[in-house]
Peer 1: 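Shown below is the structure under consideration.
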Amino acid sequence: MIKITVGIEGMACGMCEAHINEAVRNAFQVKKVTSSHMKKQTIILVEQEIPEQEIRRVIGKAGYEAVSVSSEPYEKKGLLSAFRG
């Protein structure tokens with residue numbers, strides 16, 4: 001899986017978070033999406049990489065500005081992950 005972190009300007013409350021989450025879910029096949037107006041970021045978990053310009057377009061269309069986009073491999077941290085090796 002891939003974890004995409006998007007820095008977002010313009011979020012002011014929980015409704016802004018919900019608006020962004022819905023826009024991302026409607027545009028892409030995501031495993032999980034969470035936003036925080038306090039941290040000014042959205043975390044997207046996906047199986048396939050999403051092009052940065054597509055993310056910026058969807059966020060912009062929702063009325064916000066994606067100021068940064070970064071991605072990294074993501075491994076779910078489960079109870080048994082400490083025992084793998």
Side-chain angles (χ1 to χ4, degrees):
M1 271 212 294
I2 300 165
K3 175 183 171 183
I4 301 170
T5 304
V6 186
I8 297 180
E9 285 295 325
M11 279 194 289
C13 63
M15 287 304 292
C16 296
E17 296 169 359
H19 190 213
I20 288 174
N21 291 348
E22 184 178 359
V24 169
R25 278 191 202 99
N26 289 338
F28 310 112
Q29 278 200 307
V30 300
K31 289 289 183 187
K32 185 175 181 181
V33 58
T34 55
S35 296
S36 168
H37 71 279
M38 299 293 278
K39 293 180 181 179
K40 296 186 176 186
Q41 72 178 17
T42 295
I43 306 290
I44 306 167
L45 297 180
V46 292
E47 293 288 341
Q48 307 271 334
E49 186 73 55
I50 301 171
E52 181 177 332
Q53 62 271 23
E54 285 296 303
I55 293 171
R56 289 182 182 274
R57 182 185 61 78
V58 167
I59 299 295
K61 217 168 133 184
Y64 305 90
E65 181 186 358
V67 293
S68 66
V69 179
S70 64
S71 63
E72 61 186 292
Y74 176 81
E75 186 174 319
K76 191 173 182 178
K77 291 171 181 64
L79 184 61
L80 300 176
S81 64
F83 300 107
R84 289 189 202 134

Peer 1: Quick one: list whatever passes salt bridge (Lys or Arg N to Asp or Glu O under 4.0 Å) with Glu47, sequence neighbours left out.
Peer 2: Lys31

Peer 1: Can you list everything that forms a side chain to side chain contact (heavy atoms under 4.5 Å, CB included) with Pro51? Sequence neighbours excluded, please.
Peer 2: Gln53, Glu54

Peer 1: What about Met11 and Val30, same hydrophobic cluster or not, with Ile/Leu/Val/Met/Phe/Trp/Tyr joined at side-chain heavy-atom distances under 4.5 Å?
Peer 2: yes

Peer 1: Roughly how far, to the nearest 0.5 Å, is CD of Glu17 from OH of Tyr64?
Peer 2: 9.5 Å

Peer 1: Enumerate, atom names and distances included, each donor-acceptor pair closer than 3.5 Å involving a side-chain atom of residues 3-10, sequence neighbours excluded.
Peer 2:
none

Peer 1: Identify, with sequence neighbours excluded, every residue that meets side-chain hydrogen bond (donor to acceptor under 3.5 Å, both in side chains) alongside Ser36.
Peer 2: none

Peer 1: What's the separation between atom NZ in Lys39 and atom OG1 in Thr34, rounded to the nearest 0.5 Å?
Peer 2: 8.0 Å

Peer 1: Just verifying a value: how many Å separate His19 NE2 and Ser35 OG, rounded to the nearest 0.5 Å?
Peer 2: 11.0 Å

Peer 1: Tell me whether Val24 is reachable from Ile2 by hopping between hydrophobic residues (I, L, V, M, F, W, Y) whose side-chain heavy atoms are closer than 4.5 Å.
Peer 2: yes

Peer 1: List for me each residue that meets side-chain hydrogen bond (donor to acceptor under 3.5 Å, both in side chains) alongside Glu65, sequence neighbours excluded, and say none if there are none.
Peer 2: none

Peer 1: If you take all heavy atoms of Val58 and Ala27, which pair is closest and at what distance?
Peer 2: CG2-CB, 3.5 Å

Peer 1: Starting from the C-alpha separation in whole Å, work towards a yes-or-no answer on side chain to side chain contact (heavy atoms under 4.5 Å, CB included) for Val46 and Phe28.
Peer 2: CA-CA 9 Å; Val46 292; Phe28 310 112; 5.5 Å; no

Peer 1: Tell me, please, which residues at least two apart from Glu22 pass side chain to side chain contact (heavy atoms under 4.5 Å, CB included).
Peer 2: Asn26

Peer 1: Can you tell me if CD on Glu72 sees more than 12 non-hydrogen neighbours from other groups inside 6.0 Å?
Peer 2: yes

Peer 1: Roughly how far apart are Ser70 OG and Gln41 CD, rounded to 0.5 Å?
Peer 2: 8.5 Å

Peer 1: What closest approach, in Å, do Ala66 and Ile59 show between heavy atoms, and which atom pair accounts for it?
Peer 2: N-CG2, 3.9 Å

Peer 1: Is the count of non-hydrogen atoms from other residues, nucleotides or ligands lying under 6.0 Å from Glu49 atom CD greater than 12?
Peer 2: yes

